Amino acid sequence: MKFTQNFASAKRRYGLLKALTLGFFLLASVMPPVLANESEKSTTFDSTTTLQTILTSNHRSTANRDRDKYRHPAQTLEFFGLRSNMTVVELWPGSGWYTEIIAPFLASKG
């Protein structure tokens, strides 16, 4: 009896954790366009040269550079509106593919 109560309680907590995680990701996907400043959006994404330099840099692992042709990091980060003065939080960074790109890009002002 006690085992089934603990199992049911754990199952409820797991369901709550899944719901909170989904809610957080939905909120995070909606907020950037809401918070974007229209005057800043009118400027061109001129940091691509710096980004391109970072993408071809030797500090990145060869395996990660090979993945770039499939993941299109410059276009993806431009789509999300990455600017050099932003604060970026990377959730569950995994192997660090984006970290190798974003960290040097934001190092001076971000």
Side-chain angles (χ1 to χ4, degrees):
M1 179 71 175
K2 189 172 185 177
F3 174 75
T4 55
Q5 288 175 338
N6 287 340
F7 181 73
S9 176
K11 193 172 179 180
R12 278 193 303 271
R13 283 186 297 220
Y14 179 70
L16 179 62
L17 180 62
K18 283 186 354 183
L20 288 172
T21 303
L22 178 62
F24 175 76
F25 282 119
L26 287 173
L27 181 63
S29 68
V30 171
M31 289 310 289
V34 171
L35 297 176
N37 184 348
E38 289 300 319
S39 64
E40 290 178 355
K41 288 175 86 174
S42 64
T43 61
T44 59
F45 185 75
D46 59 352
S47 298
T48 52
T49 52
T50 306
L51 196 55
Q52 291 300 330
T53 304
I54 291 168
L55 290 173
T56 58
S57 177
N58 289 334
H59 83 280
R60 299 184 64 222
S61 70
T62 305
N64 285 347
R65 280 186 279 156
D66 290 342
R67 291 173 67 192
D68 290 349
K69 61 185 169 192
Y70 304 111
R71 298 186 82 181
H72 310 285
Q75 294 88 345
T76 302
L77 294 171
E78 182 179 350
F79 173 79
F80 285 117
L82 181 70
R83 295 183 313 272
S84 61
N85 63 346
M86 294 178 98
T87 299
V88 176
V89 177
E90 189 174 2
L91 299 176
W92 294 305
S95 64
W97 183 80
Y98 268 115
T99 304
E100 283 184 350
I101 300 167
I102 294 174
F105 185 74
L106 299 175
S108 62
K109 295 186 265 177

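Any value given below was found using the heavy atoms of this structure, including those in side chains, with hydrogens, waters and symmetry copies removed. Since the structure is predicted, the reported quantities are computational estimates derived from the model, not experimental observations.
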**OP:** If a pair satisfies salt bridge (charged side-chain N to carboxylate O under 4.0 Å, His left out) and one of its residues is in residues 95-107, list it, with sequence neighbours excluded.
**Re:** Arg60-Glu100
Subject >> Test side chain to side chain donor-acceptor pair (under 3.5 Å) applied to Ser61 - qualifying residues, sequence neighbours left out >> reply: Asn64
Original post:
How close do Pro73 and Trp97 get, heavy atom to heavy atom, and via which atoms?
Top reply: CB-CH2, 3.5 Å
Subject >> Least distance between heavy atoms, Arg83 atom then Met86 atom >> reply: N-SD, 3.1 Å
Subject >> Polar side-chain atom of Ser57 near backbone of Thr53 as donor-acceptor pair, under 3.5 Å >> reply: no
Subject >> Audit row: Tyr98, Arg71, side chain to side chain contact (heavy atoms under 4.5 Å, CB included) steps and yes/no >> reply: CA-CA 10 Å; Tyr98 268 115; Arg71 298 186 82 181; 4.0 Å; yes
**OP:** Go through the structure and list residues passing side-chain contact (heavy atoms from CB on, under 4.5 Å) with Thr62, not counting sequence neighbours.
**Re:** Arg65, Asp66
**OP:** To the nearest 0.5 angstrom, please state how far the CD1 atom of Ile101 sits from the CG atom of Leu106.
**Re:** 11.5 Å
**OP:** Name all residues meeting the side-chain contact (heavy atoms from CB on, under 4.5 Å) criterion together with Pro104; count only those two or more places apart in sequence or in a different chain, and write none if there are none.
**Re:** Ile54, His59
